[in-house]
Amino acid sequence: MSVENQKVLVVGDGARESAMVWKLAKSPSVGKIFIAPGNAGTAKLATNLEDVGPEDIDSLINFAEDNDIDFTVVGPDKPLALGIVDTFNEAERKIYGPTQEASQIEWSKIWASEFMHRHNIPHPQTIIPKDLEDAESKILGLSHLWTNGVVVKADGLTDGKGVVVCDDTLSATNAVHEMMMDRKYGPGGKKIILQERLIGQEVSVMAIVDGNDYQLLPLAQDYKRLRKGDQGPNTGGMGSFAPAHFINKRLLEEIQRGVIEPFISGIKSEGRPFKGTLYSGLMIVDNEPVVIEFNARFGDPETQVQLPLIDVDFLSLLTATSAGHTHRVPIIEKKGAAVCVVLAAPGYPENPQKGLIVHNLEKVSRKEEVLIFHAGTRVDGRKVVNTGGRVLNIVGLGKTVDEARKNAYENVGEENEAPYLYHMEVRRDIGV
Ligand code: AMP
Ligand code: GLY
């Protein structure tokens with residue numbers, strides 16, 4: 001196979017996948033990019049396979065076989081949990097991401113907390129209740145031990161929404177009922193874990209892992225709550241910035257030595273070597289990292305600020321990593337910073353309105369320091385309308401976070417001539 005003119009398939013439709021397409025399009029070896037299903041923005045750089053959903057693994061493998069796709073990159077968690085990588089491996093089609101077994105670190109929080117316990121990876125105190133009744137009695141017993149509160153987490157995948165941080169016993173009991181009885185977050189809430197609530201700074205650390213070795217992306221911070229000042233419900237992420245300047249060298253070494261390396265050797269020793277992106281969601285407590293979640297994929301909206309800050313042939317990096325040689329394509333971190341602001345539909349995250357017009361798309365600055373990544377959008381005649389909760393991401397770049405933030409917010413509308421949706425949800429404090 002020639003390394004020129006490669007055909008690449010990206011799986012997903014969010015702003016994270018839009019950023020991947022943008023970065024892949026800069027790789028000299030990329031010939032053509034397909035994305036399943038894609039959005040109104042990706043259509044400019046790739047061919048959207050509108051009828052192929054990210055979880056439709058049969059159609060994805062058939063498409064890859066019929067069109068001789070050289071390499072596939074998976075964005076979201078669900079296809080990994082469904083075993084897309086195993087299916088592609090069996091068909092001897094190259095793909096970037098962990099197997100179903102290796103991605104259990106993300107799709108079962110029960111398994112992940114037991115794994116961290118087995119390998120001495122620092123994590124919050126955790127209880128795994130047997131059933132609803134057991135959960136209720138454990139919550140009552142914990143109230144005087146976990147004085148900062150209790151975090152109730154769905155065991156399975158919930159589109160990033162199945163985590164409820166509770167201040168008191170009553171709200172924790174309600175959260176358990178909503179998850180286990182009402183299935184507010186879907187089948188992922190059938191089982192749950194209870195965790196001690198920690199207080200600290202959060203940081204997302206992404207490692208590109210080839211089974212044995214790894215390289216890091218710039219450290220990032222994600223803003224999960226809907227509203228300014230970290231108020232309102234948890235969301236899939238309302239913004240991000242990188243690099244996370246508050247992590248010093250000592251702490252980074254501690255994260256590598258105490259979290260990433262034991263993860264890689266531990267999962268390998270259990271017979272499920274991990275290849276792909278390990279996302280460590282950390283809280284820094286008393287100057288030490290504690291893992292509050294592991295994910296088995298790139299983050300959203302972290303990817304949107306990390307990819308503009310690295311100098312690397314992205315396709316070569318991913319192919320070298322899945323072939324077990326990540327260091328053959330070194331990641332060079334650029335100077336400067338990036339800030340991403342998410343424009344979400346009114347009603348997000350509970351009940352986002354759909355079909356709303358995205359205004360002023362043509363008014364985004366053409367400066368190199370401004371990038372726009374679409375999420376839930378589609379073309380409707382001559383307009384672009386939203387199809388999901390998170391709609392657009394505006395990324396500003398700059399020498400500093402302040403400069404990057406300015407470049408981003410100058411391109412967020414409603415008060416100025418820039419993209420907006422009526423009554424959109426947008427945080428005005430990203431990177432502040
Ligand atoms: P997760 O999906 O597990 O990252 O949780 C979503 C968000 O909930 C995190 O980014 C934190 O802000 C919060 N969270 C999760 N676990 C804890 C914890 N043990 N203590 C405090 N906050 C937490
Ligand atoms: N930024 C949160 C996530 O990707 O899960």
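We count ligands from 1, going down the list as the structure has it; atoms in each ligand are counted the same way.
At a 4.0 Å heavy-atom cut-off, ligand 1 does not touch Ile199 at all. Contacts with ligand 2 closer than 4.0 Å are made by no heavy atom of Arg16, backbone or side chain.
Taking SG of Cys340 as the reference point, atom CG of Asn393 lies at 4.0 Å (rounded to 0.5 Å). Atoms CG and CD1, from Leu194 and Ile127 in turn, are 6.5 Å apart once rounded to the nearest 0.5 Å. Atom-to-atom distance recorded for Leu397:CG and Leu309:CG is 6.5 Å, nearest 0.5 angstrom. Here the OG1 atom belonging to Thr42 is positioned 9.5 Å from the NZ atom belonging to Lys44, to the nearest 0.5 angstrom. Atom CG in Leu157 sits 6.5 Å away from atom NZ in Lys78 (nearest 0.5 Å). Between atom OG of residue Ser103 and atom CZ of residue Arg272 there is a gap of 9.5 Å, rounded to the nearest 0.5 Å.
Among all protein heavy atoms, the one lying closest to atom 12 (O) of ligand 1 is Glu202 OE2, 2.5 Å. Val165 CG2, 3.8 Å is the protein heavy atom nearest to atom 13 (C) of ligand 1. Closest to atom 21 (C) of ligand 1 among all protein heavy atoms lies Leu198 O, 3.1 Å. Nearest protein neighbour of atom 2 (O) of ligand 1, counting heavy atoms only, is Glu293 OE1, 3.3 Å. The protein atom (non-hydrogen) at minimum distance from atom 18 (C) of ligand 1 is Val151 CG2, 3.5 Å. Distance from atom 22 (N) of ligand 1 to its nearest protein heavy atom, with residue and atom name: Met283 CE, 3.8 Å. The nearest protein atom to atom 5 (O) of ligand 2, hydrogens excluded, is given as Arg297 NH2, 2.7 Å; this is a heavy-atom distance.
Short contacts between ligand 2 and Lys224, defined as distances under 4.0 Å to a heavy atom of the residue, involve ligand atoms 2 (C). Close contacts between ligand 2 and Asn295 involve ligand atoms 5 (O) [criterion: under 4.0 Å to a heavy atom]. Per-residue contacts place Glu196 under 4.0 angstrom from the following atoms of ligand 1 (heavy atoms of the residue considered): 18 (C), 19 (N), 20 (N). With ligand atoms numbered from 1 in the order given, ligand 1 contributes 3 (O), 15 (C), 16 (N) to contacts under 4.0 Å with heavy atoms of Lys153. Counting the atoms of ligand 2 from 1 in the order shown, those under 4.0 Å from a heavy atom of Asp222 are 1 (N), 2 (C). Distances below 4.0 Å separate heavy atoms of Lys109 from the following atoms of ligand 1: 3 (O). Those atoms of ligand 1 with a heavy atom of Gln195 less than 4.0 angstrom away are 16 (N), 19 (N). Each of the atoms 4 (O) of ligand 2 lies under 4.0 Å from some heavy atom of Gly299.
Within the 4.0 Å heavy-atom cutoff, Arg225 does not count among the residues contacting ligand 1. The shell of residues lying under 4.0 angstrom from ligand 1, judged by heavy atoms, includes Pro124.
Using a cut-off of 4.0 Å between Lys/Arg side-chain N and Asp/Glu carboxylate O, Arg16 and Glu302 are scored as not salt-bridged. The existence of a salt bridge linking Asp311 and Lys26 is excluded, since no basic side-chain nitrogen approaches an acidic carboxylate oxygen closer than 4.0 Å.
No donor-acceptor pair under 3.5 Å is formed between the side chain of Asp210 and the backbone N or O of Thr321.
The 12-atom threshold is exceeded at NZ of Lys334, counting heavy atoms of other residues, nucleotides or ligands nearer than 6.0 Å. Surrounding CD of Glu261 are more than 12 heavy atoms belonging to other residues, nucleotides or ligands, all under 6.0 Å away.
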Derivation and outcome, salt bridge (Lys or Arg N to Asp or Glu O under 4.0 Å), residues Glu270 and Arg118: CA-CA 10 Å; Glu270 295 192 9; Arg118 286 196 290 281; 2.7 Å; yes
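Between Glu293 and ligand 2, a contact under 3.5 Å exists for no N or O pair. Annotation: Arg197 places no N or O atom under 3.5 Å from an N or O atom of ligand 1; distance criterion only.
Across all their heavy atoms, Asp13 and Gly38 have their closest contact at CB-O, 3.5 Å.
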